[in-house]
Amino acid sequence: MELFNTLTGRVEPLTPSDGATFRMYACGPTVYDYGHIGNFRTFIHVDTLRRYLKQIGMPVRHVMNVTDVDDKIIRNASAAGMDIAAYSKRFEGAFFEDMESLGLERPEVVPHATDNIPEMVSLIERLRDQDIAYQAEDGSWYFRIAKFPDYGKLSKKDFDGIEDGARVDVDEYEKDAARDFALWKAVKNDSNGVREHSWETSLGAGRPGWHIECSAMASKYLGDTFDLHAGGEDLMFPHHENEIAQSESATHKQFALHWMHVRFLLVEGRKMSKSEGNFYTLRDLLLKGHRASAIRFLLMSVPYRHQLNFTFDGLAESTSAVERLRTFAARMKGTFPAGINEELAAATAKALAGYDAALSNDLNTAEARAAIFDLVRAGNVAADAGALRAENATEILAVLQRFDGVFAVLQDRDAEITRSALDWAEQSGRINEASAELLATLSFTDADIDALVTERTHAKKSRNFARADAIRKELLEKGILLEDSKDGVRWKRK
RNA sequence: GCACCGAUGGCGAAGUGGCUAACGCGCUGGUCUGCAAAACCAGUAUUCAUGGGUUCAAAUCCCAUUCGGUGCUCCA
């Protein structure tokens, strides 16, 4: 398994440096609002990595922090008249529900910033003892970048010479140098004159800076040096650069050996932003009637190092693609004559090899996807020609299983997920955001559908095709598709 | 402004020196079907933003131009 390493600029092998468990850290969510599809693209690719590593037999210890104290949380919580713990818990709960909807595995360790304040303080103390951390007039502590010559090695920035000239004062007056970043923010009053949430520590009353959280939690749960650190491309600078500076200054050891950065997505060709009106949370999409599986498949179809242009056409495409995979998997579960078709067995083996080669090569999900569709076509051709044998079906199902261990779209949980999204919308007074078609479809229970399907079958038997077609049409208008097959009628929600 | 990344069919997208340029979606025609759907078959880029260069050989390497994105500031 090889993966591009931002630090070295090369594709390099991934192995557990302790010879046993692969230790990885991913910057998790700041829980101040609902997660958007850009957040989830990053988390999905990190999940793809962890799923594939496990699949090739590498035990994984994956740590993802939850940032439950920061400026936005403090601001939003105070606006909502809540304390920060209650406020962040609410969005953290929503975040994990969304992860579940998108088929993301829960990391082995999910530490919270507010549970690790002593660790952060002691890390800052170590820096203070080396004169790398210093306290400004307002009581805040900063990191002295001039003391870390390697600063910029991850983002490939050269700060020599820029530093002196860049001493723009503006509101940076307390700092020794403009680039120095906050380790500990001294407590202050908010705009209403209310004292902000803070912790009393040896550094004075205040709260941790964002960067120190990850440094402290990564070393606490993974050790001073660990195998991989991942995050969105925007975190490379300054966040990850600062983590390296803090941790390596404190420990004098290399921090993360490998760095993975997931590129941003565009929405309809433009950067996703609230002002562009193209900003979508997962819940927004579910309420519009898009399926969780299609969203997942689209987000992971484009390899992590390329920009993904998220479009509604793309979402429709992914819906069809997932449907095709599911239809095929169901077909392979049928009964076939005993024996094996060697030609098809060879195609099956080739698909499996292609899938592994693709993911092993810097997590090329697009190529892995292609290998699977090659298998779908080969299997369908053989089945149509009556050349599919029982052993082939078993083998194919095993390959699909392996594929789904990473892609995780075969099991259909879509209706269930959409229903919970609707429940949530109802409870939070946002049901008006749900699409009319979706509500119409879901107003039909499975029993209602089955009754109509049965009636149609009787109509067909008595060759009353007009009635049969009318029922089919009625169901289609409610978003339900019928398929007549030799084994009876199958229906599915559009 | 400085730095970095990208541009492949109707759309998404793989491919980074040499097999007929993967795969998915869509579209057109056919098979199957009472009709559909699903599935299959055939067709759907002589060509990889534009211009120049290197090479026996370029989508792939080099230079320039145009367009798009990102970082330099909170951001996945």
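Computed from a predicted structure; not experimentally measured.
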- Task: Check every strand shown and say whether A:K460 touches a base, only sugar-phosphate, or nothing at a heavy-atom separation below 4.0 Å.
- Result: base

- Planes under 30° and centres closer than 5.5 Å, is that true for A:F237 with the base of B:G71? no

- Query: So what does A:L481 hit on the nucleic acid, given a heavy-atom distance under 4.0 Å: a base, only sugar-phosphate, or nothing?
  - Reply: nothing

- Query: B:C61 and B:G17: how far apart are their P atoms, nearest whole angstrom?
  - Reply: 8 Å

- A:F95 and A:F43 aromatic centres sub-6.0 Å: yes

- Could you tell me whether the phosphate oxygens of B:G24, OP1 or OP2, come under 4.0 Å of any side-chain nitrogen or oxygen in A:R324? yes

- Message: From CE of A:M236 over to P of B:A3, roughly how many Å is that when rounded to an integer?
- Response: 16 Å

- Query: If we require ring centres under 5.5 Å and near-parallel planes under 30°, does A:F373 stack on B:G24?
  - Reply: no

- Task: Please work out which of the three classes, parallel, tilted or perpendicular, describes the rings of A:F226 and A:H229, given edges at 30° and 60°.
- Result: tilted

- Query: Below 3.5 Å, does any donor atom in the side chain of A:R377 face an acceptor in the base of B:C40, or the other way round?
  - Reply: no

- Message: Pair A:Y52, A:S360 - check side chain to side chain donor-acceptor pair (under 3.5 Å), show working.
- Response: CA-CA 9 Å; A:Y52 189 63; A:S360 299; 3.1 Å; yes

- Please work out which of the three classes, parallel, tilted or perpendicular, describes the rings of A:F255 and A:W259, given edges at 30° and 60°. tilted

- Task: Compute the ring centroids of A:Y142 and A:F181, then answer whether they are less than 6.0 Å apart.
- Result: no

- Examine A:K288 relative to A:F312 and say whether NZ or CZ is less than 6.0 Å from the centre of the six-membered ring and inside a 45° cone about the ring axis. yes

- Please check the phosphate of B:A39 (OP1 and OP2 only) for any side-chain N or O of A:N380 closer than 4.0 Å. no

- Task: Return one dot-bracket line describing RNA chain B 5' to 3' (Watson-Crick or G-U wobble pairs, both distances under 3.5 Å; ( ) same strand, [ ] crossing, | another strand, . none).
- Result: ((((((((.[[[..)..(....]]]((((((.......))))))....[[[[[..)....]]]]])))))))....

- Listed nucleotide nearest any side-chain atom of A:A370, set B:A22, B:C25, B:U70: B:A22

- Message: As a test of reading the structure: which of B:A38, B:A39, B:C74 is closest to the side chain of A:D384, going by heavy atoms?
- Response: B:A39

- Item | Residue-phosphate contact under 4.0 Å: A:K271 side-chain N/O, B:G71 OP1/OP2 | yes

- Query: B:G34 phosphate, OP1 or OP2: any side-chain N/O from A:R467 under 4.0 angstrom?
  - Reply: no

- Item | Contact pattern, 5' to 3', of nucleotides 4-17 of chain B - B, S or - by protein heavy atom under 4.0 Å | -S-------SSS--

- Query: Across the strands shown, which category fits A:E233 at heavy-atom distances under 4.0 angstrom: base, sugar-phosphate, nothing?
  - Reply: sugar-phosphate

- Tell me whether the guanidinium CZ or amine NZ of A:R369 lies under 6.0 angstrom from the six-membered ring centre of A:F407 and within 45° of its axis. no

- Message: In whole Å, measure the gap between the C1' atoms of B:A38 and B:U46 for me.
- Response: 35 Å

- What interatomic distance, in whole Å, is found between P of B:C48 and the corresponding atom of B:A21? 12 Å

- On the ring face of A:F4, is A:R305 found with NZ or CZ under 6.0 Å from the centre and within 45° of the axis? yes

- Message: Classify A:D374 by what it touches in the nucleic acid, base, sugar-phosphate, or nothing, heavy-atom distance under 4.0 Å.
- Response: sugar-phosphate

- Message: Tell me if the side-chain of A:R41 makes a donor-acceptor pair with the base of B:A76, cut-off 3.5 Å, by modelled atom types.
- Response: no

- Message: Measure NZ/A:K492 against C1'/B:A38 and give the value in whole Å, please.
- Response: 6 Å

- Can you list the steps and then say if A:E92 with A:H112 is a side chain to side chain donor-acceptor pair (under 3.5 Å)? CA-CA 10 Å; A:E92 179 183 339; A:H112 292 72; 2.8 Å; yes

